[in-house]
Amino acid sequence: MYENYFGLKEKPFSLSPDTQYFFCHEGQQQALNTLLIALESGEGFVKVVGEVGTGKTLLCRELLNRLDTQRFYTAYVPNPYLSPSGLRMAIGAELGISSNKLQDHNRLVNHIYERLIELSTSGKQVVLCLDEVQAMPDKTLEALRLLTNLETEKRKLLQVVLFGQPELDKKLNEPHIRQLRQRIVYSVHLGALDIQRVAGYVRHRLSVAGYKGEFLFSRPAVNQLYRASRGVPRLINILCGKSMLVAYGKGDSVISPQHVSAAAEDTEGLDPISFLEWHGVDVVIILSLCCFALAVASWWMSLQ
């Protein structure tokens, strides 16, 4: 709707995990490097934990794109709500096992093992990425652990990368899952962006979408965006998209704090304190003035 108005070839703040919009700042680069090094080692589980909206799925997609297809065979299971047999079928399908063998539940583990041996013999290292693992049933996690027991004398046949929210750490601390926790060799934590990275993130997405003018968001608007989103990329995307829509509707060419505030007021799940403003004056200044006024009033009363 507003793409032509701002000189864009597409919407820059879509929530889809499009890897061309991957913003490789220091934190993301470190996380990606850790994953690549971990998979080079060829052993154990790797865990990636981050709050909702911090870019876990996009990092997963970027990782899958970065792995050398000559060396790695990748599998991706996005649905965590699977029974043990459902997980085995999903993994078998990702490994290219024929449908008739997938229905053979009694021998499915054997079919998976045979396929892993086949891939290993051809020089392929199999990497399985699982998303939203904090929601995976305990019995399914145990079935996953047992699958990683499949190995030759020299190497594991299946490496697993677990992506999940902080609840995954709580789940892995349960005593009955300790065997899986002990197999986690590398752990990665994804955090929110600081205010400088928020500005870089917005610039990057606008640039990828074809924007070529002066930075579309004023500095006060970026500050407001940071306060409202708390640096969470998904919330930044939502607020930027809505802010641009508000500016477009008003015929404005630069995104202001007022546009961001209007977007924040229309977005659920935000802390209202984080985006309060009064005619562009920061809340901290307002509160400081209120405290000063109260102090003066108290002093004046003491003189009476």
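The basis for the numbers below is simple: all heavy atoms, side chains too, and nothing from hydrogens, waters or symmetry mates.
- Residues R183 and N149 have side chains that bring a donor and an acceptor to within less than 3.5 angstrom of each other.
- For R234, there are no side chain to side chain donor-acceptor pair (under 3.5 Å) partners at least two apart in sequence or on another chain.
- G42 and K156 get closest at one heavy-atom pair: O-CB, 3.9 Å.
- Ion pairing between a basic and an acidic side chain is recognised when a charged N comes within 4.0 Å of a carboxylate O; K171 and D138 show such pairing.
- Interatomic distance, CD1 of I112 versus CG of L95, reported as 6.5 Å (0.5 Å rounding).
- With sequence neighbours left out, the ring-ring contact (aromatic ring centres under 6.0 Å, His included) criterion links H204 to F23.
- V48 pairs with exactly one of L59, T34, V133, D131 by the side-chain contact (heavy atoms from CB on, under 4.5 Å) rule, that one being L59.
- A search for side chain to side chain contact (heavy atoms under 4.5 Å, CB included) contacts involving Y211 returns L8, L206, L216, not counting sequence neighbours.
- Ion pairing of R145 with E142 is present here, as a side-chain N (NZ or NE/NH1/NH2) and a carboxylate O approach within less than 4.0 Å.
- With F22 as the aromatic partner, R61 does not meet the cation-pi criteria of under 6.0 angstrom to the ring centre and within 45 degrees of the ring axis.
- In this structure Y5 satisfies the ring-ring contact (aromatic ring centres under 6.0 Å, His included) test together with Y248, sequence neighbours excluded.
- Using modelled atom types, one finds a donor on one side chain and an acceptor on the other under 3.5 Å when comparing T267 with K242.
- If you run side-chain hydrogen bond (donor to acceptor under 3.5 Å, both in side chains) between Y201 and each of R205, R203, R197, only R205 comes through.
- The side chain to side chain contact (heavy atoms under 4.5 Å, CB included) test applied to A135 returns P80, Y81, not counting sequence neighbours.
- Looking at every heavy atom in both residues, M244 comes nearest to F6 through O-CE1, 3.5 Å.
- With sequence neighbours excluded, no residue forms a side chain to side chain contact (heavy atoms under 4.5 Å, CB included) with K9.
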